[in-house]
Number of protein chains: 2
Amino acid sequence: MLTERQIQVLKVIIDEFIQSAQPIGSRAIAKKDGITASPATIRNEMADLEELGFLVKTHTSSGRVPSEKGYRFYVDHLLIPFQLSSQDMGVIQHTFAREMLEFEKVVQQSAKVLSDLTSYTSIVLGPQVFETTLKKIQIVGLSDHSAVAILVTSSGHVEHRYFNVPKMLKSSDLEKLVNILNDRLVGVPIIQLEQKLSGEIAGILQEHMSNLDKTYAFLQQALLEEQPAKLYMDGKTNMMRQPEFNDIQKIQSLFSIMEQEDEIAKLLKTSDKGIKVFIGHENQIREMQDCSLITASYSLGDKQLGTIALLGPTRMEYSKVISVLNALSVQLSRTFDSWY
Amino acid sequence: MLTERQIQVLKVIIDEFIQSAQPIGSRAIAKKDGITASPATIRNEMADLEELGFLVKTHTSSGRVPSEKGYRFYVDHLLIPFQLSSQDMGVIQHTFAREMLEFEKVVQQSAKVLSDLTSYTSIVLGPQVFETTLKKIQIVGLSDHSAVAILVTSSGHVEHRYFNVPKMLKSSDLEKLVNILNDRLVGVPIIQLEQKLSGEIAGILQEHMSNLDKTYAFLQQALLEEQPAKLYMDGKTNMMRQPEFNDIQKIQSLFSIMEQEDEIAKLLKTSDKGIKVFIGHENQIREMQDCSLITASYSLGDKQLGTIALLGPTRMEYSKVISVLNALSVQLSRTFDSWY
DNA sequence: TTTAGCACTCAAGGTTACAGAGTGCTAACA
DNA sequence: TGTTAGCACTCTGTAACCTTGAGTGCTAAA
């Protein structure tokens with residue numbers, strides 16, 4: 001569809017624009033290595049590329065700027081694998097060399113590295129518990145009417161939920177309850193907890209003890225309550241350094257949406273394996289339609305755990321960002337695998 | 001030191017400037033209720049107030065703007081108690097009416113209410129564990145070389161720390177360890193854990209078992225590791241709506257410092273009881289020297305638990321902010337008290 | 001001590017002029 | 001037929017200039 005030369009011109013324009021954020025003129029392109037045609041010829045090609053929707057002008061006599069369609073073509077067909085500098089690789093290695101025992105810390109550090117290496121905003125969705133099994137459950141009474149249930153999963157995740165207990169309940173009853181739960185639930189995938197709790201276990205409990213009904217209802221409610229996935233973002237302020245966001249209005253609307261972590265989390269949850277690129281209006285969230293979002297996933301074994309992503313202006317260093325995400329995705333998966 | 005009329009003029013200027021963010025001229029002041037003097041007289045007073053350091057001009061022929069010294073005087077002597085609107089009170093009531101069982105949720109909601117009611121940025125330092133005692137300790141092995149220790153405090157706080165265990169350790173030994181720890185440590189104030197762990201307990205363990213040494217060292221390290229206090233901020237983007245921050249540079253430096261939560265936490269930790277106002281350069285952090293920070297504390301019984309604060313431009317609605325902080329501080333303390 | 005009057009200052013906004021970058025089109029060229 | 005040089009045209013950004021309006025400081029009178 002596009003001629004060889006058109007592709008060449010398009011690539012030069014996007015590469016240059018990613019660096020300079022300025023519209024690119026025909027003269028500048030003609031000077032580039034690999035380009036033999038004269039400015040006039042380039043102008044003709046540019047007019048064609050504009051007609052095809054790959055380029056736009058900011059005003060009648062300005063140079064050209066890539067359109068979203070242009071970026072899409074660039075990402076799909078023109079991307080050359082980016083070799084991370086040994087310095088950048090060093091930063092990653094160094095970060096993961098420190099012994100870290102916690103998911104949280106690892107994930108948080110990843111967000112930091114991502115934004116540091118790219119100067120964009122990183123978003124990391126913490127590991128989901130879906131795929132793990134229950135390792136231990138413990139209940140600790142706090143007062144005569146409240147208690148906390150603590151769950152430890154096979155992946156080492158610790159969660160706790162508070163719930164009410166009726167005043168008349170004896171602590172020995174609570175102990176009995178914990179024992180039954182541990183007997184029956186250890187090893188059960190977290191995702192099956194709901195089913196087990198309301199089926200099997202409920203029956204057993206009814207046999208053994210009468211006054212536990214109410215407690216059990218509260219506990220069940222606490223355990224099944226959907227916990228929002230942990231979200232880590234880093235380098236938000238990097239966005240302010242991008243020339244496309246030197247407008248308070250834009251910054252504000254972008255930051256407003258970034259404060260709504262649940263929205264962002266929803267966005268990243270749906271991502272599946274591999275690298276995904278969302279350019280401008282391909283983003284569901286309106287406030288992000290001047291931006292591109294690139295997501296990747298990390299896993300434990302073959303189970304997908306979570307998502308890492310980078311948000312930047314549509315004029316993004318796609319090539320580098322994808323490499324960094326790749327490297328980090330591998331590194332994260334490797335780290336988690338080494339734990340088990 | 002200041003005449004009655006000077007005080008009157010100063011108050012009008014600050015009140016007006018807080019509303020309009022524009023320099024105030026003598027004519028505007030003369031028109032105000034309660035002011036009988038003519039613009040010329042006011043001008044003389046203003047010149048005096050400027051000489052005394054309470055006012056500044058933005059340029060030779062502009063109206064006057066309060067200086068930090070002016071705000072300080074205003075806060076110390078001119079503040080009239082602000083009556084929260086019943087609507088605002090309603091928002092607070094309503095937020096706390098919903099049953100909440102967790103410190104985290106309550107504290108997070110508080111941050112939200114604070115920023116919603118004031119249109120500034122709220123900062124809430126989560127409850128510190130210093131004053132609480134240990135209620136329960138539990139250790140769960142995760143793999144053959146790692147485990148997680150879970151602590152529950154008397155205030156219902158749950159914390160967990162990961163640590164290494166030598167491979168040769170039997171799980172029965174771990175159990176023994178937990179039992180000893182629970183026997184000896186339950187009821188001990190968290191703040192005394194360090195002492196107990198390295199003194200008394202270390203001795204007992206040495207008697208009972210030999211191969212626990214290494215595990216114990218790791219556990220001790222994990223437990224004593226200083227956990228950063230949880231910090232909740234809300235309404236950061238409110239700052240962008242303030243006219244004094246319609247400059248990307250300023251916004252950026254402010255947001256950069258707000259991302260450094262450890263710095264902020266350090267700042268709030270030092271606060272003691274009652275409301276404290278830090279105006280402009282009274283703030284330790286350079287990037288905040290265009291801002292004022294107002295802090296208050298909340299408590300459980302007579303033990304101070306944490307800090308709530310509001311960050312805004314020096315041109316802040318001091319009166320309202322202080323009322324809101326007061327109301328919330330009371331509400332928070334009341335909520336926590338009701339739990340125990 | 002207060003006030004009216006007046007000259008003076010400064011910021012902000014609008015207008016004009018101009019240079020620079022870049023385009024599209026035409027006509028000549030290979 | 002594709003490529004290129006030349007040229008008129010368009011638009012942006014910046015600087016210089018002017019005008020307006022708000023506000024001051026000072027002086028002299030009340």
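Below, chains carry the letters A, B, ... as their sequence lines are ordered, and counting in each starts from 1. No hydrogens, no waters, no symmetry mates; every other heavy atom, side chains included, goes into these values.
- Considering only side-chain N and O atoms, Lys57(A) lies under 4.0 angstrom from the phosphate OP1 or OP2 of dG24(C).
- Residue-to-nucleotide proximity on DNA chain C shows that, of Thr60(B) and Pro39(B), the 5′-proximal contact is made by Pro39(B).
- Proximity of Ser26(B) to the phosphate of dT24(D): a side-chain N or O atom is located under 4.0 Å from OP1 or OP2.
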Self-check item: Verdict with reasoning, Glu16(B) to Lys32(B), per salt bridge (charged side-chain N to carboxylate O under 4.0 Å, His left out)
Solution: CA-CA 10 Å; Glu16(B) 280 292 299; Lys32(B) 271 266 144 183; 3.1 Å; yes

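- Regarding contacts with the backbone of dT4(D), every side-chain N or O of Arg43(A) stays at 4.0 angstrom or more from both OP1 and OP2.
- What separates CD of Glu50(B) from P of dC26(D) is a distance of 11 Å, to the nearest Å.
- For the pair Ser61(B) and dC10(C), the criterion of a side-chain N or O lying under 4.0 Å from OP1 or OP2 is not met.
- Phosphate proximity of dG23(D) to Ser62(B): absent, as no side-chain N or O sits under 4.0 Å from OP1 or OP2.
- Residue Thr41(B) places at least one side-chain N or O closer than 4.0 Å to OP1 or OP2 of dT3(C).
- Residues Arg315(A) and Pro243(A) approach most closely at NH2-CD, 3.6 Å, considering heavy atoms.
- Ion pairing between Asp116(A) and Lys112(A) holds under the 4.0 Å rule for side-chain N and carboxylate O.
- One atom, NE2 of His59(A), and another, C1' of dG20(C), lie 11 Å apart when rounded to the nearest Å.
- We find that CE of Met46(B) is positioned 9 Å from C1' of dG23(D), with the value rounded to whole Å.
- The distance between atom CZ of Arg64(B) and atom P of dA22(D), rounded to the nearest whole Å, is 18 Å.
- Taking for each of Asn44(B) and Glu45(A) the nucleotide of DNA chain D with the nearest heavy atom, the 5'-most of the two is the partner of Glu45(A).
- Remark: C1' of dG24(C) and CG of Leu55(A) are 16 Å apart, rounded to the nearest angstrom.
- Taking every side-chain heavy atom of Ala47(A) into account, dG24(C) is the closest of dG24(C), dG25(D), dT3(C).
- Put simply, CG on Asp48(A) is 12 Å from P on dC25(C), counting in whole angstrom units.
- Note on Arg27(B): every side-chain N or O is 4.0 Å or more away from OP1 and OP2 of dT24(D).
- Taking atom CD of Gln22(B) as the reference point, atom P of dC10(C) lies 19 Å away to the nearest angstrom.
- Aromatic ring centroids of Phe54(B) and Tyr74(B) lie 6.0 Å or more apart.
- Minimum interatomic distance between Leu55(A) and Glu50(A) (heavy atoms only, all atoms of both residues): O-CG, 3.5 Å.
- The distance between atom CG of Asn246(A) and atom C1' of dG13(D), rounded to the nearest whole Å, is 15 Å.
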